[in-house]
Amino acid sequence: MNRLLLLPLIGAAAMHAHAQGTCATAIPVSIATYYADQIDGPEAPSPICSGGTPATMGRWYKFTATADTSITITTDLPQNGGTDTRVQVYTGTCGNLACYAGDDDSGSGYTSVTSFQVHAGTAYYIAFDNRWTANGFTFQVKYSGPGPVVDGYSTQYVPTNGVAYCVVDMNNDGLDDAVSVTSNTITINYQNPGGGFTTTTLNTPTATNTPSWSICAGDLDHNGYNDLVYAGSGVSFMLANSTGTGYFAINQPEYIFCQRSNMVDINNDGKLDLFVCHDVQPNVYYLNNNNTSWAWHQGGLGDTPDGGNYGSIWIDYNNDGHIDLFIAKCRGAGSPASIDQLWRNNGDGTFTDMAPQMADMADYQQSWSSAWADFDNDGDLDVMVGASSFTGGGHKLYRNDGNTFTNITPGSGFDLYNGTNIEFIARDFDNDGYVDVLGGGMLMKNNGNMTFSPVPVPFSNGPTGDLNNDGFIDVQNGNTLYLNGGNGNHWLKVITKGVQSNANGIGARVQVTTPSGIQVRDIVSGDGFRYMSSLTAHFGLGSNTQVNQVVVRWPSGIVDTIANPPVNTTLTVVEGQSGITTGIAATEVEPLSLFPSPAHNTLNVIARKDLADSKITVTDPAGKVVAMPGLVRGTIDVAHLASGLYLLRIEGPSGVLSGKFVKE
């Protein structure tokens, strides 16, 4: 008897659906991708629901709906190259089938696409025939739109290849995308402004290291598009080109038993560096050499000889404006490699481990990750250190008291919580204004008083972001998106764009003040243990319909304050600029994009308006005009400018545009 098995494709995993070729032996399928070997089964589909002419052989599958929804059967996939297929869909029983749906040539080329409603508990027979080809091909069963709602979340299928660990904006349109990678491809499900996704698979140079342990994202070279770093037995940089439509690889030769990786500006020079936890040696980091290469360093940020470094996260725990490092460690109870570390950034290029001074933070608890957030909304970050095993102790919840932490686990709910995991993250899933904790197979809901209650959810940990632009946090598990059904609570999203600081504003502190109080978020590349989640700061506002102000404190020391922004929208805050992008449409793209910043010899200028016959002026911070350059193929020459901050102004038939940039 043939059976369902996994067939490894190039960088992908499709299910090998080799049925026996009759209705009675139809193989069960679900929401997934499958490969049909040959259309050579003895029972040809009958009656013919689409395409007219009968066939002589068939392949049979059976989909049993678990909820009332709609699904799509499609062979319109890149790997099929337009292969001519035909599909019939039936209800009823074998020997007494009735046509329900079908298609011959609705897809590109001669492929098949059919969508139809399904009802819970009903079986639908799907049959392909050999009318046009008997050769094998790939087909997908997917939800036509959002799938059935489970515990307040609807599901939606997205195509993935290889490792699906990343949700981040890849085309700089302000919307989170779902990203998966193999050693030589990147598949991006670009979120469409009106909903749904457009899927593109880009070929890349071969990465010698794939993200078997973690992935992180950020604009490493300040060109306006997010790059990726794969962490496995070493690291591979995968850098986006100047249009975000292609990538090139930098494969680092050093061996690292990688765990959590983070992009962060360690030396605060305005350029993103890379930090990587090492499981069997002291930690490593790569300092950015002018956005073209990264220099290897080992030691100084976690020097335990035998490693045990697992879940790193870079946050400002003491509110001094310098980004600090916490490392969740694990190597078996009683091992020094299990003692967590809290590295305070002294602001002079040195770091000091403060964990031994923080209650019982430096004990033998085994942890792979920690969830940092201002759980009590008092303006500083608290932490829940999640246990991956109870051998060395249970979960720990610490309240930040300014210069120290207090263990408040007893009575918090985490003292009774017995779910262990390698992934714990902090998000406000219900937008009530209090940050929850996801991990261990449960959502621990913040009750608003530093206690937490377990709430079942239909998903496990995965990368998070707003994948339908409705202001609520969604979760990806492989090729399934769990879309948060939301509620009546209000929200605000903040996108940070650095100028003197790194391009994403990673390490920036965003503070939102409402009539109910304050909330803070740090912009982080890589939290939990494995996944890369959105770089957009997300705030639940509860019943508040007013935001008094948003304050962004940048790694450079610059502070931007925005008064009375609207709620239920997305703000784009550009470092050092009084003007910001706001609006009801959270998908609005900035009208003028200037990059790279800092610029060296040339500055790229991109706008949605026609810039022909425009006058361009460059002024210094004092308002003095220092240049009136011409625009040549979308660039201006800035080589002669001195280092510093400048305002570029464009006046023309389409109106006036302006933006700031830094000359290095």
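Proximity of a side-chain donor or acceptor of N446 to a complementary backbone N or O of D436 within less than 3.5 Å is not detected. Between the side chain of N544 and the main chain of Q546, no donor-acceptor pair closer than 3.5 Å is present. Side-chain atoms of D474 never come within 3.5 Å of backbone atoms of Q476 as a donor-acceptor pair (strictly under, hydrogens ignored). The backbone N or O of N469 sits less than 3.5 Å from a side-chain atom of Q191, completing a donor-acceptor pair. A donor-acceptor pair under 3.5 Å links the side-chain atoms of Y417 to the main chain of G440, judged by distance alone. Using a distance-only test at 3.5 Å, with no hydrogens or angles considered, a donor-acceptor pair links the side chain of R260 to the main chain of I215.
Nearest approach of V574 to D560, heavy atoms of both residues: O-OD2, 3.6 Å. Scanning all heavy atoms of the two residues, the minimum distance from G526 to V524 falls at O-CG1, 3.4 Å. Heavy atoms only, all atoms of each residue included: F529 and I422 are closest at CB-O, 3.3 Å. Annotation for S214 and S261: closest pair OG-OG, 2.8 Å, computed over non-hydrogen atoms.
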Go through the steps for F197 and Q156 under the test side-chain contact (heavy atoms from CB on, under 4.5 Å), then give the verdict.
CA-CA 10 Å; F197 297 87; Q156 183 167 346; 3.7 Å; yes

Quick one, L325 with L301, criterion side-chain contact (heavy atoms from CB on, under 4.5 Å). Give me CA distance, side-chain angles, the key distance, then yes/no.
CA-CA 8 Å; L325 166 66; L301 289 170; 4.2 Å; yes

Trace of the side-chain contact (heavy atoms from CB on, under 4.5 Å) decision for L239 with Y247
CA-CA 5 Å; L239 303 176; Y247 293 82; 5.8 Å; no

Which is it for I188 and T199 under the side-chain contact (heavy atoms from CB on, under 4.5 Å) test, yes or no, and what are the steps along the way?
CA-CA 6 Å; I188 306 174; T199 304; over 6 Å; no

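T451 and S412 share no side-chain donor-acceptor pair at under 3.5 Å. Using modelled atom types and a 3.5 Å distance limit, the side chains of S501 and D265 yield no donor-acceptor pair. Between the side chains of D432 and N489, no donor-acceptor pair is found at a separation under 3.5 Å. Side-chain polar atoms of K497 and N502 form no donor-acceptor pair below 3.5 angstrom. With hydrogens and angles left out, the side-chain atoms of T72 and T74 include no donor and acceptor closer than 3.5 Å. Checking T409 against D415 by side-chain atom types alone, no donor-acceptor pair falls below 3.5 Å. T464 and R427 form a side-chain donor-acceptor contact under 3.5 Å, judged by distance and modelled atom types alone. With hydrogens and angles left out, the side-chain atoms of S534 and D176 include a donor and acceptor closer than 3.5 Å. The closest side-chain donor-acceptor pair between N161 and T185, if any, does not fall under 3.5 angstrom. Looking only at atom types and distance, the side chain of K493 has no donor-acceptor partner in the side chain of N568 under 3.5 Å away.
With ring centers used as reference points, Y482 lies 6.0 Å or more from Y153. Ring pair F275/W314: centre-to-centre distance below 6.0 Å. In this structure, the ring of Y434 has its center no less than 6.0 angstrom from the ring center of F375. Taking the six-membered ring for Trp and the full ring otherwise, the centers of H538 and F472 sit at least 6.0 Å from each other. When ring centroids are compared, Y531 and Y165 come within the 6.0 Å threshold.
Evaluation of the side-chain hydrogen bond (donor to acceptor under 3.5 Å, both in side chains) test over residues 371-383, restricted to residues two or more places apart or in two chains, returns S370-W372.
A distance of 10.5 Å separates CD1 of I313 from OG of S525, quoted to the nearest 0.5 Å. Rounded to the nearest 0.5 angstrom, H490 NE2 and L541 CG are separated by 8.0 Å.
The pair R509-D522 meets the salt-bridge criterion, with a side-chain N (NZ, NE, NH1 or NH2) lying under 4.0 Å from an Asp/Glu carboxylate O.
By the side-chain contact (heavy atoms from CB on, under 4.5 Å) test, S543 pairs with no residue at all, sequence neighbours left out. Under the side-chain contact (heavy atoms from CB on, under 4.5 Å) criterion, K271 pairs with D269, N288, N291, sequence neighbours left out.
For the side chain to side chain donor-acceptor pair (under 3.5 Å) with N504, the lone residue among N226, T536, T496, D219 that qualifies is N226.
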